[in-house]
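Sharing a structure, written as structure tokens. Questions coming.
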Amino acid sequence: EAAAAELHKKIREAFEVFDHESNNTVDVREIGTIIRSLGCCPSEGELHDLIAEVEEEEPTGYIRFEKFLPVMTEVLQEKRYRPIPEDVLLRAFEVLDPAKHGFLTKDELIKYMTEEGEPFSQEEMEEMLSAAIDPESNSIHYKDYITMMVVDEN
């Protein structure tokens, strides 16, 4: 079926970016990045379960493409871990920005990300801040960020 072949190709391409040895394996720590690059946004817990599913019986620290492919294909076909729709994200940011400035400062963002809900790891924080924060104003213009973050559905 063409759709599955198309998915396989996308998954292979995403995987190969991190397959530095070109031996059909990637470091288990790269799996989250690969999954997100395919437009999926699993929570830490979901990611953990997914890794458990594709890991070897005896964890080696590496994930083999043959094991990753069928699991990831299923995830994409079932549209699991879909990103949050743009309007929902926007409303979430607006709650944090009661004055409706249209932006949050870097400090506010760090505060919300580390104090509310599921805390982000230092690494996740840095990754997000480097993508989201405008270096000139040191703040995040969240409308632009959301537009950039929302994966094109087509």
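Each residue takes its place number in the sequence, starting with 1.
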Could you check if a side-chain atom of K106 sits within less than 4.5 angstrom of a side-chain atom of I140, using non-hydrogen atoms only?
-> no
Interatomic distance, CZ@F65 vs CD1@I34, rounded to 0.5 Å, equals 10.0 Å
Who passes side chain to side chain contact (heavy atoms under 4.5 Å, CB included) against E6, sequence neighbours left out?
-> none
Nearest non-hydrogen partners of C40 and M72, listed with the distance | SG-CE, 3.8 Å
Does the side chain of N138 come within less than 4.5 Å of I133's, by heavy atoms?
-> yes
The complete set of side-chain hydrogen bond (donor to acceptor under 3.5 Å, both in side chains) pairs with one or both residues in residues 87-97, sequence neighbours excluded, reads D97-Y142
What residues form a salt bridge (charged side-chain N to carboxylate O under 4.0 Å, His left out) with D134, not counting sequence neighbours?
-> none
With the 4.5 Å side-chain cut-off for hydrophobic clustering, are F103 and V95 part of the same group?
-> no
Nearest 0.5 Å please: distance from the CD atom of E13 over to the OG atom of S37.
-> 10.5 Å
The single option from L69, N24, L7 passing side-chain contact (heavy atoms from CB on, under 4.5 Å) against R12 | N24
Check the hydrophobic clustering (I, L, V, M, F, W, Y; side-chain heavy atoms under 4.5 Å; chains of links allowed) and say if F18 and Y62 are grouped together.
-> no
With rounding to the nearest 0.5 Å, note down the distance linking CG in L76 to CG in L38.
-> 5.5 Å
Quick one: closest heavy-atom pair of E53 and K67, and the distance?
-> O-CE, 4.5 Å
Please name the pair of heavy atoms, one in G39 and one in R82, separated by the smallest distance, quoted to 0.1 Å.
-> O-NH1, 3.9 Å
Walk me through it: do T60 and T25 pass the test side chain to side chain contact (heavy atoms under 4.5 Å, CB included)?
-> CA-CA 11 Å; T60 56; T25 63; over 6 Å; no
Assess whether side chain to side chain contact (heavy atoms under 4.5 Å, CB included) is satisfied between H8 and T73, documenting all intermediate values.
-> CA-CA 7 Å; H8 287 177; T73 303; 3.2 Å; yes
D107 side chain vs K111 backbone, donor-acceptor pair below 3.5 Å | no
Which value, rounded to the nearest 0.5 Å, describes the distance between I63 atom CD1 and F68 atom CZ?
-> 8.5 Å
Check against side chain to side chain contact (heavy atoms under 4.5 Å, CB included), E108 and L96 = CA-CA 9 Å; E108 288 172 323; L96 303 177; over 6 Å; no
What are the two closest non-hydrogen atoms of L50 and V71, and how far apart are they?
-> CD1-CG1, 3.8 Å
Is there a donor-acceptor contact under 3.5 Å from the side chain of E46 to the main chain of S43?
-> yes
Are more than 12 heavy atoms from other residues, nucleotides or ligands located less than 6.0 Å from atom NE2 of H20?
-> yes
Heavy-atom neighbours of E78 CD exceed 12 at 6.0 Å | yes
Below 4.5 Å, heavy atoms only, C-beta onward: do L104 and S139 meet side chain to side chain?
-> no
Given side chain to side chain contact (heavy atoms under 4.5 Å, CB included), test E55 with V28 step by step and report yes or no.
-> CA-CA 8 Å; E55 230 169 359; V28 66; 4.2 Å; yes
